[in-house]
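Each remark here refers to the structure printed beneath this line.
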Amino acid sequence: MKTIRIGTNDYSKTKIKNNIMKTYLLRIEKENNHWYQEANEWAVEVSEFLLSFTGQNVSRQQVLGVVSALSPMQEWNKNKEIAIELIMTGDCGYMERGKQKARDILKLPSVVICIDTEIKSILNGEKTKTFYENMVYPTRSSGVTVDRHAISIAIGHIADDKEQSISKDVYTFIEKCYIMTAETLGLAPLHLQSITWQTWKRIK
């Protein structure tokens, strides 16, 4: 597939790769950070805090599963805030579907052997599953979190509601463009996505 329709426009791989590169070249030093590794370390701290101060045995994977379940349309700091609120109280100010997925994740035994499979089965969506995997395995995950910001970067402007509503084929097309661009730059795909995500939020 050489082109893909997003919203009402067609985009080639070259066009999307060029748009990703344009945003990458506008990065500043602090946006070169390993964002997913930092998210992983934060989840470890939350897990350890919960066990020490509340007695709740919530694994790192469960913390990040809850974060991912509650992530659609949420900025990162708010995402973390409502995730902790739901873990500690069972509720938060968020859509019911996301909250129920988060609750189901918390019901899983924290030491289950296939917890990643179980959590991704609950999350179900391409974006939330990949976001979870990127945070849990920041040094070896090969997927790309194609969220509304990644879509906007790919098409070169802030995506409207129609453009944000993408099929699995469009998701995969954009993901491949990020992977190819990352290979050119010698970066892990998730690292490129996190850099451009931070840059896009600053410039737009």
Side-chain angles (χ1 to χ4, degrees), residues 16-50 58-87 98 102 105 116 119-120 123 125-159 164 171 174-204:
I16 290 177
K17 287 166 59 182
N18 286 343
N19 285 338
I20 294 168
M21 185 66 78
K22 285 177 186 177
T23 299
Y24 174 77
L25 292 174
L26 294 173
R27 75 197 184 283
I28 57 177
E29 181 59 34
K30 69 177 183 178
E31 291 159 354
N32 287 319
N33 66 324
H34 289 273
W35 188 91
Y36 284 106
Q37 181 62 47
E38 293 175 8
N40 184 289
E41 292 167 0
W42 170 81
V44 171
E45 292 176 0
V46 171
S47 177
E48 291 174 349
F49 170 83
L50 290 168
V58 182
S59 69
R60 168 182 59 100
Q61 288 99 323
Q62 285 173 301
V63 171
L64 293 173
V66 170
V67 166
S68 192
L70 301 175
S71 66
M73 304 305 294
Q74 293 291 341
E75 292 301 328
W76 177 236
N77 287 333
K78 184 64 175 179
N79 194 177
K80 292 190 292 183
E81 179 185 321
I82 62 176
I84 292 172
E85 182 180 354
L86 187 137
I87 291 170
I105 288 168
D116 288 329
I119 289 175
K120 285 193 283 188
L123 292 171
E126 294 300 318
K127 180 264 177 182
T128 51
K129 287 191 297 183
T130 309
F131 189 43
Y132 167 78
E133 189 173 277
N134 287 169
M135 291 187 290
V136 174
Y137 302 108
T139 61
R140 59 185 175 90
S141 176
S142 59
V144 176
T145 300
V146 181
D147 62 3
R148 59 196 168 100
H149 300 299
I151 296 167
S152 296
I153 293 163
I155 63 179
H157 62 260
I158 297 172
Q164 289 181 35
Y171 188 105
I174 294 174
E175 182 179 47
K176 286 181 178 178
C177 291
Y178 271 90
I179 291 170
M180 290 187 291
T181 309
E183 288 175 352
T184 300
L185 294 168
L187 296 171
L190 61 80
H191 192 195
L192 172 62
Q193 182 265 316
S194 72
I195 291 171
T196 53
W197 168 66
Q198 293 174 89
T199 303
W200 182 263
K201 290 198 301 178
R202 173 174 53 82
I203 66 177
K204 297 297 178 181

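Reckoned from all heavy atoms, side chains included, excluding hydrogens, waters and symmetry mates.
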Testing the basics here: between W200 and S152, what is the closest heavy-atom pair and its distance to 0.1 Å?
CZ2-CB, 3.6 Å
Would you compute the distance between atom NE2 of H34 and atom OG of S194 and round it to the nearest 0.5 angstrom?
8.0 Å
Closest heavy-atom contact between R202 and L26?
NH2-O, 2.6 Å
Gap between atom CG of L64 and atom CD of Q61 - 0.5 Å precision:
8.0 Å
Can you name the residues that form a side chain to side chain donor-acceptor pair (under 3.5 Å) with N33, not counting sequence neighbours?
E38, Q198
Under the rule for side-chain contact (heavy atoms from CB on, under 4.5 Å), what residues qualify as partners of L190, not counting sequence neighbours?
Y36, N134, S141
For the pair E175 and E126, evaluate side chain to side chain contact (heavy atoms under 4.5 Å, CB included) and give the outcome as yes or no after the intermediate values.
CA-CA 11 Å; E175 182 179 47; E126 294 300 318; over 6 Å; no
Is there a donor-acceptor pair under 3.5 Å between the side chain of Q62 and the backbone N or O of I105?
yes
Rounded to the nearest 0.5 Å, how far apart are CG of L70 and CD of E85?
10.0 Å
Begin from the C-alpha positions of T130 and V146 and carry the test side chain to side chain contact (heavy atoms under 4.5 Å, CB included) through to its verdict.
CA-CA 8 Å; T130 309; V146 181; over 6 Å; no
Spacing of CD1 belonging to I195 relative to OG1 belonging to T23, to within rounding of 0.5 Å:
12.0 Å
Quick one: salt bridge (Lys or Arg N to Asp or Glu O under 4.0 Å) partners of R27, sequence neighbours excluded?
none
Smallest separation among heavy atoms of A102 and L86, with atom names:
CB-CD2, 3.7 Å
Counting C-beta onward and ignoring hydrogens, is there a side-chain heavy-atom pair between F49 and V58 closer than 4.5 Å?
no
Would you say the side-chain atoms of S68 pair up with the backbone N or O of T128, donor to acceptor, closer than 3.5 Å?
yes
I'd like to know whether Q164 forms a side chain to side chain contact (heavy atoms under 4.5 Å, CB included) with M73, so could you lay out the CA-CA distance, the side-chain angles of the two residues, the decisive distance to 0.1 Å, and finally the verdict.
CA-CA 11 Å; Q164 289 181 35; M73 304 305 294; 4.1 Å; yes
Residue pair T181 / Y24, side-chain donor-acceptor N/O under 3.5 Å:
no
Please name all residues satisfying side chain to side chain donor-acceptor pair (under 3.5 Å) with K127, sequence neighbours left out, ordered by chain then number.
S71
Y132 OH to D116 CG distance, which is reported to the nearest 0.5 Å
3.5 Å
Using the rule given for side chain to side chain contact (heavy atoms under 4.5 Å, CB included), can you reason through Y178 versus T145, listing the C-alpha separation, both sets of side-chain angles and the distance that settles it, and then say yes or no?
CA-CA 10 Å; Y178 271 90; T145 300; over 6 Å; no
Measuring from atom CD1 of I20 to atom NZ of K17, what distance do you get when rounded to the nearest 0.5 angstrom?
9.0 Å
Donor-acceptor pair, R60 side chain versus S47 backbone, under 3.5 Å?
no
Residues in side-chain contact (heavy atoms from CB on, under 4.5 Å) with E45, at least two apart?
none
Can you say whether the rings of W35 and F131 are parallel (under 30°), tilted (30 to 60°) or perpendicular (over 60°)?
parallel
K176: partners by side chain to side chain donor-acceptor pair (under 3.5 Å), with sequence neighbours left out:
none
Examine distances only and state if a side-chain atom of H191 and a backbone atom of N32 form a donor-acceptor pair shorter than 3.5 Å.
yes
